[in-house]
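Because the structure is a prediction, the values reported are computed rather than measured.
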Amino acid sequence: MNVVHRIKNLYKAVNQAIRSVAQEESRNLSSNSGAYSRPGSQKVDLESYIKMGVLHAGGTLSDVAANYFGQGSIRPSASALSQAKRKTPLYIAENVFRKTNSLYIKQYTDHKRDNPILKGYIPILIDGSNEPIPPDISEPEYLILKKNTAIIIRAGIHINAAYDALNRKYLRIVFQDQKNKDEREAAKEIIEWFKKTYPDEKFIFIMDRGYFSYSLSALCNTYGYKYVIRMKDRDYEALALQSIDVPADQQVDRILTWHLRKEEREDPQMKYLAKRSLQEIESSAEWVGFSARLVSFKIGPASYEGLITNLSSDEFSAAALKLLYHGRWKIESSFSWLKYGVGAKRILSRKAEYIKQEILFSMVFYNLCSEIDLMIEDSEAKGTCIEDTKNTDTVELKSACENKEKGTRYEYQPNFTKAIRSIRKFLVGQWHSNGTRKQISIRRIQDLVEEISREKLPIRPGRSFPRNMHPNRLIPFQYR
């Protein structure tokens, strides 16, 4: 089946998934609360509201309505859209996210699963990102106050995401308030969800600094999952009993205890852990055995990185672990595309529940764009390219879409930001809610594929840039 027909089938499946959720939930809401009980008399039915939410690109409610419904008298007012938003509970967006994601599960293709570097494991990236929101004193849990005062500094929702690195999809989202966020607990909740949802899959969970805890490590070991987590320098040195700037690859075995008696303090194999933290691993325990592998390597002129993992050195060398962890940057890039390419940062609401709804709809659209982009990449590719040098520790994994054109200096990849814009334009044309919804046209899909294929960016490996840290600012409504 060629890429045009694959995209056509995907579009129909996504369209049907949204429609089925809208029809089912409309009946439920109508019988329970009376919402959406008169579909013929409303300009904004639930299906249109969901599709409009998936396609929104920021601006104002009026701009979004004009983009989806059209201009003039057929466009519902911003007030009508606000009423539709209030009638739509958050769980409906969660259902749309879950149901559309179920369409992509089959995409664990053999050439990805059998990758000789990953050895049958599926890498799942876990990370968090802050979404600034308008301060609202009626929702104090989302507010950050100046110490010992009532002065509001900012407000935000913390997004904890699990991202499939192979298929470039968000699989699980856990929202937390900015004030009481706990990324470690969110990571445990995500891992529990994976165990319940995909009990037979082999996963490697890859996380950044700040995520490591002994209870998180124990949870992965209990479920038979693998993990690779970057450690803070002081935590690495306390466990490894040596400086992080000494390249090393060692297996450590420690006994965790909450006792601070003289014999425990003098024994280097003993590692102090707060009683509460120790009993998260095993209730009523005084000592718990702990084993892990610590790897330290140089990443810059005077910069070192320390990883902790339960992957054996027989399966993954230190160089392979370095390459594996380097792939964690994909989730950072995905947050950038989600916020600025898709438009999740340009929120349309003030209440936290409705903002979460917008974020979920944005992730639905991101996953759809990613799937279409991957389909086009796969259609252009010769297959996954693995280059192995004489040293087997320096295996380089290339993406299936990387294609060096004749006479060019670089290999090229599709411009995903342009792909997002092209797909949004395509879907607006298909979903335009003016009473004349169009049958999908093969010609329009061919134009979409051609448009995405012609927009490419050069791949320049090895580049690095200073990370300019600045507050994650909200775009005020009055400046849109």
Side-chain angles (χ1 to χ4, degrees), residues 115-119 121 123-129 161 163 165-166 168 183-184 187 204-213 216-217 220 226-252 292-337 385-399 402 410-411 413 457-470:
N115 188 299
I117 294 177
L118 297 175
K119 297 178 174 60
Y121 291 102
I124 301 295
L125 315 178
I126 298 178
D127 203 359
S129 181
Y163 187 78
L166 290 181
R168 293 180 5 211
E183 291 186 326
R184 294 174 180 176
I204 300 177
F205 293 100
I206 304 173
M207 291 166 265
D208 200 6
R209 288 174 297 185
Y211 274 93
F212 175 74
S213 70
L216 179 60
S217 172
C220 289
K226 304 300 182 181
Y227 62 86
V228 177
I229 307 175
R230 185 178 177 184
M231 299 190 76
K232 296 178 180 178
D233 292 3
R234 64 176 183 272
D235 294 335
Y236 175 91
E237 292 171 352
L239 193 58
L241 302 179
Q242 66 180 44
S243 175
I244 196 171
D245 58 7
V246 179
D249 184 348
Q250 61 172 313
Q251 186 75 22
V252 296
R293 179 182 170 201
L294 296 178
V295 179
S296 172
F297 44 79
K298 192 173 185 178
I299 60 173
S303 180
Y304 291 81
E305 195 168 88
L307 302 178
I308 186 168
T309 182
N310 59 353
L311 289 167
S312 70
S313 55
D314 295 334
E315 281 188 299
F316 289 83
S317 65
L321 281 180
K322 182 178 180 180
L323 182 65
L324 192 63
Y325 179 77
H326 180 70
R328 196 200 64 82
W329 193 253
K330 290 181 181 179
I331 193 171
E332 301 284 3
S333 299
S334 75
F335 281 136
S336 177
W337 281 319
C385 175
I386 303 292
E387 287 189 358
D388 193 353
T389 62
K390 293 180 180 179
N391 182 357
T392 56
D393 287 343
T394 58
V395 181
E396 182 182 358
L397 172 63
K398 294 188 177 181
S399 170
E402 293 175 8
Y410 297 108
E411 294 175 345
Q413 61 185 353
L457 293 173
I459 300 171
R460 301 183 179 94
R463 294 197 305 169
S464 62
F465 301 94
R467 192 170 183 181
N468 298 318
M469 304 298 291
H470 58 78

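- Distance check, rounded to the nearest 0.5 Å: NZ of Lys322 to OG of Ser317 gives 11.5 Å.
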Practice item. I would like to know whether Tyr163 and Asp127 meet side chain to side chain contact (heavy atoms under 4.5 Å, CB included); could you show each step before the answer? Key: CA-CA 8 Å; Tyr163 187 78; Asp127 203 359; over 6 Å; no

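- For the pair Pro123/Leu118, a side-chain contact is recorded, criterion being any heavy-atom separation below 4.5 Å from C-beta on.
- Separating the CD1 atom in Ile206 from the NE2 atom in His326 is a distance of 11.5 Å, to the nearest 0.5 Å.
- In this structure, Arg328 CZ and Phe205 CZ are separated by 15.5 Å, a value rounded to the nearest 0.5 Å.
- Between the CG atom of Leu321 and the CD1 atom of Ile308 there is a distance of 12.0 Å, given to the nearest 0.5 Å.
- Side-chain contact between Ile331 and Ile126: absent, with no pair of heavy atoms (C-beta onward) separated by less than 4.5 Å.
- Nearest approach of Phe335 to Ala161, heavy atoms of both residues: CZ-CB, 4.0 Å.
- The salt bridge (charged side-chain N to carboxylate O under 4.0 Å, His left out) search around Glu305 returns Arg230, not counting sequence neighbours.
- A cation-pi contact links Lys119 to Phe316, judged by a cut-off of 6.0 Å to the six-membered ring centre and 45° from its axis.
- Checked by atom type and distance alone, the side chain of Ser213 pairs as donor or acceptor with a backbone atom of Leu216 at under 3.5 Å.
- Glu237 contributes a side-chain N or O that, together with a main-chain N or O of Ile244, makes up a donor-acceptor pair within less than 3.5 Å.
- The backbone N or O of Asp249 sits nowhere less than 3.5 Å from a side-chain atom of Arg293 that would complete a donor-acceptor pair.
- Remark: the backbone N or O of Tyr304 is not paired with any side-chain donor or acceptor of Asp245 at under 3.5 angstrom.
- Side chain of Ser296 to backbone of Ala248: no donor-acceptor contact under 3.5 angstrom is found.
- A distance-only check finds a donor-acceptor pair linking the side chain of Arg184 to the backbone of Phe212 [under 3.5 Å].
- Taken to the nearest 0.5 Å, the CD1 atom of Ile204 stands 12.5 Å off from the OH atom of Tyr227.
- Rounding to the nearest 0.5 Å places NZ of Lys226 at 13.0 Å from CG of Leu324.
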